Novice: 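Handing you a structure now.
Just so it is clear, the structure is predicted and the values come from calculations on it, not from any experiment. Any value given below was found using the heavy atoms of this structure, including those in side chains, with hydrogens, waters and symmetry copies removed.
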Amino acid sequence: MRLSTKSALLSLLAVPGTIAANSYSLFSGADSIDFDLTSASNSDAGNAAGVPCPWTKLTPLSHEQVVTNWYALWAGNYSFLSSTVMPSIQVYQDRFPTGNGSAPLRIGNASAFLEFIKLARADFETYAFTDEFHFGVGNVIALRWKLNATFAGSSTAKLERGSHVAYNGTDIMLLDPCSGLVQQILSAQDLITYYHVLQQPLGTV
């Protein structure tokens, strides 16, 4: 019997993100998010040692390369991980429904991010994103995507195997100016539609 992707994802919810010292706070209260807009000063790149930063002036061409690598990574081409994201990547996302309340997602390194991608894909026979549109300004990229997937079945979802699953989301990427790699992700997605399509209970928030 297959394990539910939802239960597997919940194992990641306790992973703390590494919050940079120089950051801006979005939202308020217990669920506030620190979105680092000065990551170059704290990055893994070598500019502090006087090494030139090749990506200081990020261009539309470099933006396109990041987006191409991003979708390839989510398509299951995991070899793109190191050429797409920083080792210390931080991912902030909507709270996940658990069936009994909700829980925040905290990812603070590339290994945890790769595990998250694998778990997100686990209950699907096919899993691919369509790029609705994207644009970049400086070291920030925003993209609107749509997931199209074929459900493989799980121990909890009522949806039949082979059913089509689709929903939308938006990712804002903050790139490290020195390496051109993704340093932070702020993601908003239509999880209500996703869980309704899977016929899984949402619980109370």
Side-chain angles (χ1 to χ4, degrees), residues 1-13 15 17 63-87 89-99 102-135 141-173 181-182 184-203:
M1 180 178 293
R2 293 176 61 89
L3 292 175
S4 169
T5 296
K6 180 180 71 173
S7 61
L9 287 174
L10 291 178
S11 67
L12 287 173
L13 297 178
V15 177
H63 293 155
E64 291 300 318
Q65 188 62 62
V66 170
V67 172
T68 298
N69 287 0
W70 183 256
Y71 284 126
L73 181 59
W74 275 97
N77 298 314
Y78 302 135
S79 62
F80 281 86
L81 181 69
S82 62
S83 61
T84 307
V85 307
M86 296 281 284
I89 183 174
Q90 302 165 0
V91 180
Y92 303 108
Q93 199 164 288
D94 303 316
R95 295 176 68 93
F96 273 82
T98 67
S102 64
L105 177 74
R106 293 290 185 263
I107 293 177
N109 59 69
S111 296
F113 180 56
L114 181 59
E115 186 65 18
F116 173 65
I117 294 175
K118 291 179 178 179
L119 291 172
R121 294 173 49 86
D123 283 341
F124 298 92
E125 296 175 354
T126 63
Y127 191 96
F129 287 100
T130 300
D131 183 62
E132 301 289 288
F133 64 88
H134 64 268
F135 60 91
I141 297 176
L143 57 88
R144 177 69 172 175
W145 49 260
K146 181 178 181 179
L147 173 68
N148 288 287
T150 304
F151 191 56
S154 76
S155 60
T156 59
K158 298 179 182 179
L159 193 65
E160 293 184 1
R161 180 175 181 176
S163 297
H164 179 248
V165 175
Y167 75 106
N168 298 305
T170 302
D171 291 342
I172 299 175
M173 303 177 177
L181 301 178
V182 180
Q184 292 186 342
I185 292 291
L186 186 62
S187 182
Q189 51 190 306
D190 190 358
L191 290 175
I192 301 297
T193 294
Y194 178 57
Y195 275 70
H196 275 307
V197 170
L198 291 180
Q199 300 178 29
Q200 289 190 348
L202 292 171

Novice: If the condition is ring-ring contact (aromatic ring centres under 6.0 Å, His included), which residues does Tyr167 pass it with, not counting sequence neighbours?
Specialist: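 Tyr167 satisfies ring-ring contact (aromatic ring centres under 6.0 Å, His included) with Trp145, Tyr194 only.
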
Novice: For Ala166 and Asn148, work out which heavy atoms get closest and say how close.
Specialist: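 That would be CB-OD1, 3.9 Å.
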
Novice: Could you list the residues that satisfy ring-ring contact (aromatic ring centres under 6.0 Å, His included) with Phe80, not counting sequence neighbours?
Specialist: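 So Phe80 forms no ring-ring contact (aromatic ring centres under 6.0 Å, His included) with any residue.
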
Novice: Taking side chain to side chain contact (heavy atoms under 4.5 Å, CB included) as the definition, give me every residue that meets it alongside Arg161, ordered by chain and number, with sequence neighbours left out.
Specialist: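 Only Glu125 meet the side chain to side chain contact (heavy atoms under 4.5 Å, CB included) criterion with Arg161.
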
Novice: Would the number of heavy atoms belonging to other residues, nucleotides or ligands and lying under 6.0 Å from CZ of Phe135 be above 12?
Specialist: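 Counting neighbours around CZ of Phe135, 12 or fewer heavy atoms of other residues, nucleotides or ligands fall under 6.0 Å, so no.
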
Novice: Please report the closest heavy-atom contact between Ala110 and Val85, naming both atoms and the distance.
Specialist: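 It is CB-CG2, 4.2 Å.
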
Novice: Tell me if a side-chain donor or acceptor on Arg121 pairs with a main-chain N or O of Ala75 at a distance below 3.5 Å.
Specialist: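 The answer is yes, because a donor-acceptor pair under 3.5 Å joins these two groups.
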
Novice: Starting from the C-alpha separation in whole Å, work towards a yes-or-no answer on side chain to side chain contact (heavy atoms under 4.5 Å, CB included) for Trp74 and Leu147.
Specialist: CA-CA 10 Å; Trp74 275 97; Leu147 173 68; over 6 Å; no

Novice: Could you give the distance from CE (Met173) to CG (Leu186), rounded to the nearest 0.5 Å?
Specialist: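 Nearest 0.5 Å value for the CE-CG distance: 12.0 Å.
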
Novice: Do the side chain of Thr84 and the main chain of Trp70 share a donor and acceptor less than 3.5 angstrom apart?
Specialist: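 No, Thr84 side chain to Trp70 backbone: no donor-acceptor pair under 3.5 Å.
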
Novice: Hey, mind stepping through Leu73 and Phe113 against side chain to side chain contact (heavy atoms under 4.5 Å, CB included) and telling me if it holds?
Specialist: CA-CA 11 Å; Leu73 181 59; Phe113 180 56; 3.9 Å; yes

Novice: To the nearest 0.5 angstrom, please state how far the CG atom of Leu119 sits from the CD atom of Glu115.
Specialist: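 Taking CG in Leu119 and CD in Glu115, the distance rounds to 4.5 Å.
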
Novice: Can you tell me which residue among Thr170, Asp131, Thr130 is in a side chain to side chain donor-acceptor pair (under 3.5 Å) with Arg144?
Specialist: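 By the side chain to side chain donor-acceptor pair (under 3.5 Å) criterion, Arg144 pairs with just one of Thr170, Asp131, Thr130: Thr170.
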
Novice: How long is the straight-line distance from OG1 of Thr150 back to CG of Asp123, given to the nearest 0.5 Å?
Specialist: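 One gets 13.0 Å once the value is rounded to the nearest 0.5 Å.
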
Novice: CG of Asn69 to OG of Ser82: how many Å apart, nearest 0.5 Å?
Specialist: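 Answer for the CG-OG pair, Asn69 versus Ser82, is 9.5 Å.
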
Novice: Considering all heavy atoms of both residues, which atom of Ser187 and which atom of Asp171 are nearest to each other, and what is their separation?
Specialist: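 Taking Ser187 first and Asp171 second, the nearest heavy atoms are OG-OD1, 2.7 Å.
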
Novice: Quick one, Met86 with Gln184, criterion side chain to side chain contact (heavy atoms under 4.5 Å, CB included). Give me CA distance, side-chain angles, the key distance, then yes/no.
Specialist: CA-CA 9 Å; Met86 296 281 284; Gln184 292 186 342; over 6 Å; no

Novice: Mind checking the CD-CD1 spacing from Gln90 to Ile185? Nearest 0.5 Å is all I need.
Specialist: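 Gln90 atom CD to Ile185 atom CD1 measures 11.0 Å (nearest 0.5 Å).
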
